[in-house]
Amino acid sequence: MDGFCSTCNETVRTQLMESQLVGKIRGKDIVYKGKVAVCPVCGDSIDAQGLEDLNLELMKEAFRDKEGLISIEEIETILNRYKIGKRPLSLLLGWGEGTLTRYINGDLPTRQYSATLRRIKEDPGYYREILEENRGAITYQAYVKSKKALELLGYSDRQMTMESICSESLEQTAAYLLRVDPHMEERKLHMLLYYLQGFHMAFRGMELFPEEFTKMDRIPRLQQIAELYPTGKIHDQAQAMDLDGFSPEEILLMDTVIHTLGRYQSSILERWFLAESFVFQGNHQPEGNSIDGGKSIDREIIHDHFKKILAKFQMISILDIKEYQKAYDWIT
């Protein structure tokens, strides 16, 4: 960096030397290793452009170390690990939406905020609780993306018996259905999971589980269920599961779907599905990951379709699914 040497009376290319400096942050004296600029000709100290900003950053780093505050690199690790943006994470934590942006740009966090961030970094379970409790503060796309990142990390509140194949949320939802009807055939399980996903997205604006449906044999199916159902692992989980992982609204939705749509055989549910002339039939659905010839069904299309169902049948609560069921009784 350049600076003006008053002794030599000219602008020179300075040399930076390390020096022990003292500054003040939040009323506290900070001793840190800073930089001073010297003239390469006469050796006198001079003011150099940008030196003040450089020493300010070095003093902040010294303050972080002294106070045990989380570093910028650690915050970036959190964002990358959990696939969450600066603004969404700020909102999840109930902070101002620009808080983490300021921290990334060099602002110092408070001790309380720093402790929260460090706990999130070190404890995925704590982050998972925050994500689930405050998921309404962010878009459902951001929620699903971060939840999937947690599941890909292999984390759950308990050891997942099928973690290599499906998410914990899909496992428990399928197990809940099979606990009510242990002899439910696989095709019916696919259909009920589809309706649960669609109604959950329409009523709550977010997914019940992150897996994507594929269209095979003209009906929506889940590859993970197709792989697990024959092994009996989901049935075993149904016998051992508890309800701690579900919110009251999710339990109400599952019970309502089971006691309305769940009364019918899979062939009836499939005819309901086809009778509605879904917008993703035909060429409207873009190609996704092909699984045994199936096309991935875009989440937005499912969300939009079920919003139309809510509007068509004037459904304002989960219990109105009963009216939806009555409207299609003629198909049986």
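FYI, the numbering just counts along the sequence from 1.
Taken to the nearest 0.5 Å, the CG atom of Leu189 stands 6.5 Å off from the CD1 atom of Ile234. Separating the CD1 atom in Ile251 from the CD atom in Glu249 is a distance of 9.5 Å, to the nearest 0.5 Å. Between the CG atom in Leu117 and the OG1 atom in Thr77 there is a gap of 12.0 Å [rounded to 0.5 Å]. A distance of 12.0 Å separates CD1 of Ile78 from CD of Glu73, quoted to the nearest 0.5 Å. One finds the OG1 atom of Thr116 at 5.0 Å from the CH2 atom of Trp95 (value rounded to the nearest 0.5 Å). In this structure, CD1 in Ile120 is found 4.0 Å from CD1 in Ile130, a value given to the nearest 0.5 Å.
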Derivation and outcome, side-chain contact (heavy atoms from CB on, under 4.5 Å), residues Gln325 and Trp272: CA-CA 10 Å; Gln325 168 218 339; Trp272 285 21; 4.0 Å; yes

Worked check of side-chain contact (heavy atoms from CB on, under 4.5 Å) between Met206 and His200: CA-CA 7 Å; Met206 61 188 70; His200 192 272; 3.8 Å; yes

Working for side-chain contact (heavy atoms from CB on, under 4.5 Å), residues Lys121 and Tyr127: CA-CA 8 Å; Lys121 175 177 176 288; Tyr127 173 71; over 6 Å; no

Check against side-chain contact (heavy atoms from CB on, under 4.5 Å), Thr214 and Gln223: CA-CA 7 Å; Thr214 58; Gln223 179 197 18; 5.6 Å; no

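Thr99 places no side-chain N or O within donor-acceptor distance of the main-chain N or O of Ser90, the cut-off being under 3.5 Å. Side-chain atoms of Thr256 do not come within 3.5 Å of backbone N or O of Leu319 as any donor-acceptor pair. For the pair His190 (side chain) and Pro220 (backbone), a donor-acceptor distance under 3.5 Å is absent. With hydrogens and angles disregarded, a donor-acceptor distance shorter than 3.5 Å links the side chain of Thr173 to the backbone of Ser169. Under a 3.5 Å cut-off, the side chain of Glu323 and the backbone N or O of Asp320 do not form any donor-acceptor pair. The backbone N or O of Ile297 sits nowhere less than 3.5 Å from a side-chain atom of Lys215 that would complete a donor-acceptor pair.
Contacts of Glu132 classified as side chain to side chain donor-acceptor pair (under 3.5 Å), with partners at least two apart in sequence or in another chain: Arg135, Tyr143. With sequence neighbours excluded, the residues that form a ring-ring contact (aromatic ring centres under 6.0 Å, His included) with Tyr140 are His303. The salt bridge (charged side-chain N to carboxylate O under 4.0 Å, His left out) test applied to Arg118 returns Glu74, not counting sequence neighbours.
Results of the salt bridge (Lys or Arg N to Asp or Glu O under 4.0 Å) test with Arg221 over Glu211, Glu186, Glu212 single out Glu186 as the only residue that passes. Screening Gln141, Gln197, Glu207 for a side-chain hydrogen bond (donor to acceptor under 3.5 Å, both in side chains) involving Arg299 leaves a single residue, Glu207.
Residues Ile219 and Met191 meet the side-chain proximity criterion, which asks for heavy atoms closer than 4.5 Å. Two residues are said to be in side-chain contact when any heavy atoms from C-beta on lie closer than 4.5 Å; Leu131 and Ile138 meet this criterion. Side-chain contact between Leu170 and Ile225 is present, with at least one heavy-atom pair separated by less than 4.5 Å. Looking at Tyr195 and Ile321, their side chains never come closer than 4.5 Å, going by heavy atoms from C-beta outward. Taking 4.5 Å as the limit, some side-chain heavy atom of Tyr176 sits within range of a side-chain heavy atom of Asp255. No side-chain heavy atom of Leu269 sits under 4.5 Å from any side-chain heavy atom of Tyr194.
When all heavy atoms of Tyr82 and Pro124 are compared, the closest pair comes out as OH-CA, 3.4 Å. When all heavy atoms of Phe199 and Leu261 are compared, the pair lying nearest together is CE1-CD1, 4.4 Å. Across every non-hydrogen atom of Ser247 and Arg204, the tightest pair is OG-NH1, 3.5 Å. Minimum heavy-atom separation, Phe203 to Ser317: CZ-O, 3.2 Å. Counting all heavy atoms, side chain and backbone alike, Ile302 lies closest to Gly198 at CG2-CA, 3.9 Å. Between Met254 and Leu196, the shortest heavy-atom distance links the atoms CA-CD2, 3.7 Å.
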Exercise answer: donor-acceptor pairs, residues 103-110 side-chain atoms, under 3.5 Å, sequence neighbours excluded:
{"residue": "Asn105", "atom": "ND2", "partner": "Thr101", "partner atom": "O", "Å": "3.2"}
{"residue": "Thr110", "atom": "OG1", "partner": "Tyr113", "partner atom": "N", "Å": "3.1"}

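Every pair passing salt bridge (Lys or Arg N to Asp or Glu O under 4.0 Å) that includes a residue from residues 82-94 is listed here, sequence neighbours excluded: Arg87-Glu97. Within the structure, salt bridge (Lys or Arg N to Asp or Glu O under 4.0 Å) pairs that include any residue of residues 189-199 do not occur (at least two apart or interchain).
The local environment of CD in Gln112 is sparse, with at most 12 non-hydrogen atoms from other residues, nucleotides or ligands closer than 6.0 Å. The 12-atom threshold is not exceeded at NZ of Lys145, counting heavy atoms of other residues, nucleotides or ligands nearer than 6.0 Å.
Between the side chains of Tyr324 and Thr260, no donor N or O sits under 3.5 Å from an acceptor N or O.
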